[in-house]
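Heavy-atom basis, side chains included; hydrogens, waters and symmetry copies ignored.
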Amino acid sequence: MSALTTDQYELTMAASHLAHGRTATATFDLFVRRLPPERRFLIMAGLADAIEHLHDLRFTEDEVGYLRTLGIFTDEFLAYLASFRFSGEVWAIPEGEIVFAGEPLVRVTAPLIEAQIVETALLALIGHQVSIASKAARVAIASQGRSFVDFAARRAHGPEAALHGARAAYLAGADATSNVLAGKTYGIPLSGTMAHSYVMSFEDEREAFRTFARDFPRASVLLIDTYDTLQGARHVVEVAHELASEGIKIQGVRLDSGDLAALSQHVRRILDEGGLSDVRIIASSDLDEHRIDDLLTAGAPIDAFGVGTQMGVSADAPALSAVYKLVEFDGHPVHKLSPGKASLPRRKQVWRVESDGAIVGDTVALESEGDLPGRPMLVQVMHGGAPTAQAGLGAEGLSQARDRCARALATLPPRLRALGRGDREAPVSLSPGLQALASPAS
């Protein structure tokens, strides 16, 4: 990411701070103000990309040259940017953990300019991936242990969103992605079938199936709804028996249109009667957690799902009220009192209490209050501008975050796992010390 991935006012504020020697240490909290109506919890994600951005952040000669053409920055400030490095510390809730509104997800402490100038990038990286991971986690809950694949690349809001979204979806439970770049970048398993255009390019559907199965004998999932879904299933049975003598086995069929519940039952019967009881049925077609839940409730014999648009853009909650607020400057507490946009002062820790393997609640406390009941959620992921051992970078970090998310989802009590709107009260409270400091009288 370019260092210019920032809003102009970050740079004008930074220039003003530098001009007046305002470079004391500052702490900012990144948090979500409130949950969307469709969410009862969120999944922490995007942290590894954010850490890598902070560590690699540099203003190139070309970027500084562009800023000079704007005619609003002094030579002193441009020289400062030319040698800019992030030197601060970052504490964060690890990726894959359940998080709620009103608690710090990330805490950045650094000289004021360094901490301020990274706001836009951190909000974009973390806010987006938290949105997608949270949607994907709901899909995982609805799928009831069945696999689902990220099909969102073509519908995401741009290639970069598709790349980061594939990572977030995998972290939250998707088994694979169709996005080849995400496979290369993050080590995510790849999955794909065929398009209707492939079938339509042959004069006979059966010849399309034969050709594809011979070309990809270990990954032959055949799309059967181009013309007539049930006839397509019969063609699969015919082709499967033909190819068996060649040692080729059809792995699955995909349904991408129509009444998926009814069609999947008919297709299952055709496959079973044709001796293909081990051939899986994969369903796609604008699926989300609600449609998947409805399908499985109706008894649809679907083995896996391809989930695209609805997950890739988090369609029912496409944006979070993620914010980045100053909470301490030069050793003094600061907080915002704006109606509906208030923030909480000082450096904080989040303590989570669990009982019998389920989340009971979180307490947001002042760091200075010491140990409280539960386990501390914020861990140090950067020190002196460098990632720590807890940063969770690379493929290994993603794998650990994925495992962490699976464990975390298992700790959700039933009311928070529910997919409807219903009771959404987050189990988050403030410690007595934080309440006292945040009160208007203080």
Taking the basic N atoms (NZ, or NE/NH1/NH2) and the acidic carboxylate oxygens, is any pair closer than 4.0 Å for [X] and [Y]?
| X | Y | value |
| --- | --- | --- |
| R407 | D403 | no |
| E95 | R404 | no |
| R39 | D316 | yes |
| D286 | R291 | no |
| E354 | R375 | yes |

Ignoring hydrogens and angles, write down the donor-acceptor pairs under 3.5 Å from the side chains of residues 50-61, residues two or more places apart or on other chains.
from: R58; atom 1: NH1; to: H55; atom 2: O; distance (Å): 3.2
from: T60; atom 1: OG1; to: E63; atom 2: N; distance (Å): 3.1
from: T60; atom 1: OG1; to: E63; atom 2: OE1; distance (Å): 3.3

Could you measure the distance from the [atom1] atom of [X] to the [atom2] atom of [Y]? Nearest 0.5 Å is fine.
| X | Y | atom1 | atom2 | value |
| --- | --- | --- | --- | --- |
| R34 | S321 | CZ | OG | 5.0 Å |
| S134 | M44 | OG | CE | 10.5 Å |
| L105 | I93 | CG | CD1 | 5.5 Å |
| D256 | I282 | CG | CD1 | 12.0 Å |

(message) Applying side chain to side chain donor-acceptor pair (under 3.5 Å) to W91 and E89, what does each step give before you reach the verdict?
(response) CA-CA 7 Å; W91 289 66; E89 70 174 44; 3.1 Å; yes
(message) Tell me every residue that passes side-chain contact (heavy atoms from CB on, under 4.5 Å) with A174, counting only those two or more places apart in sequence or in another chain.
(response) F148, A169
(request) For L230, check side-chain contact (heavy atoms from CB on, under 4.5 Å) against everything at least two apart and list the hits. (result) D228, R234, L263, H266, V267, I270
(request) Please say which of K348, K336, R346, K325 ends up in a salt bridge (charged side-chain N to carboxylate O under 4.0 Å, His left out) with D29. (result) K348
Identify each donor-acceptor pair in which a side-chain atom of residues 110-127 lies under 3.5 Å from a protein atom, sequence neighbours left out, and give them as a table.
from: E114; atom 1: OE1; to: S87; atom 2: N; distance (Å): 2.7
from: E114; atom 1: OE1; to: S87; atom 2: OG; distance (Å): 2.8
from: E114; atom 1: OE2; to: S87; atom 2: OG; distance (Å): 3.0
from: Q116; atom 1: NE2; to: E10; atom 2: OE1; distance (Å): 2.9
from: Q116; atom 1: NE2; to: E119; atom 2: OE1; distance (Å): 3.1
from: T120; atom 1: OG1; to: D7; atom 2: N; distance (Å): 3.1
from: T120; atom 1: OG1; to: D7; atom 2: OD2; distance (Å): 2.8
from: T120; atom 1: OG1; to: E10; atom 2: OE2; distance (Å): 3.3

Neighbour count above 12 (heavy atom, 6.0 Å) for [X] [atom1]:
| X | atom1 | answer |
| --- | --- | --- |
| R155 | CZ | no |
| R85 | CZ | yes |
| Q380 | CD | yes |
| K184 | NZ | no |
| Y66 | OH | no |

(request) May I ask you to check whether T109 and T27 show a side-chain donor-acceptor distance below 3.5 Å? (result) yes
(message) When you measure from the side chain of T211 to the backbone of A208, do you find a donor-acceptor pair of N or O atoms at a distance under 3.5 Å?
(response) no
(request) Would you confirm whether S338, through its side chain, and K341, through its main-chain N or O, come within 3.5 Å as a donor-acceptor pair? (result) no
(message) Apply side chain to side chain donor-acceptor pair (under 3.5 Å) to residues S147 and R280 and explain how you reach the verdict.
(response) CA-CA 11 Å; S147 64; R280 304 171 76 217; 3.2 Å; yes
(request) Just grab all the ring-ring contact (aromatic ring centres under 6.0 Å, His included) pairs involving residues 152-202, residues at least two apart or on different chains. (result) Y198-F202, Y198-F212
(request) Might you work through the salt bridge (charged side-chain N to carboxylate O under 4.0 Å, His left out) test for R107 and E367, ending with a clear yes or no? (result) CA-CA 11 Å; R107 189 181 81 204; E367 184 182 53; 3.0 Å; yes
(message) According to salt bridge (charged side-chain N to carboxylate O under 4.0 Å, His left out), who are the partners of E246, at least two apart in sequence or on a separate chain?
(response) R214
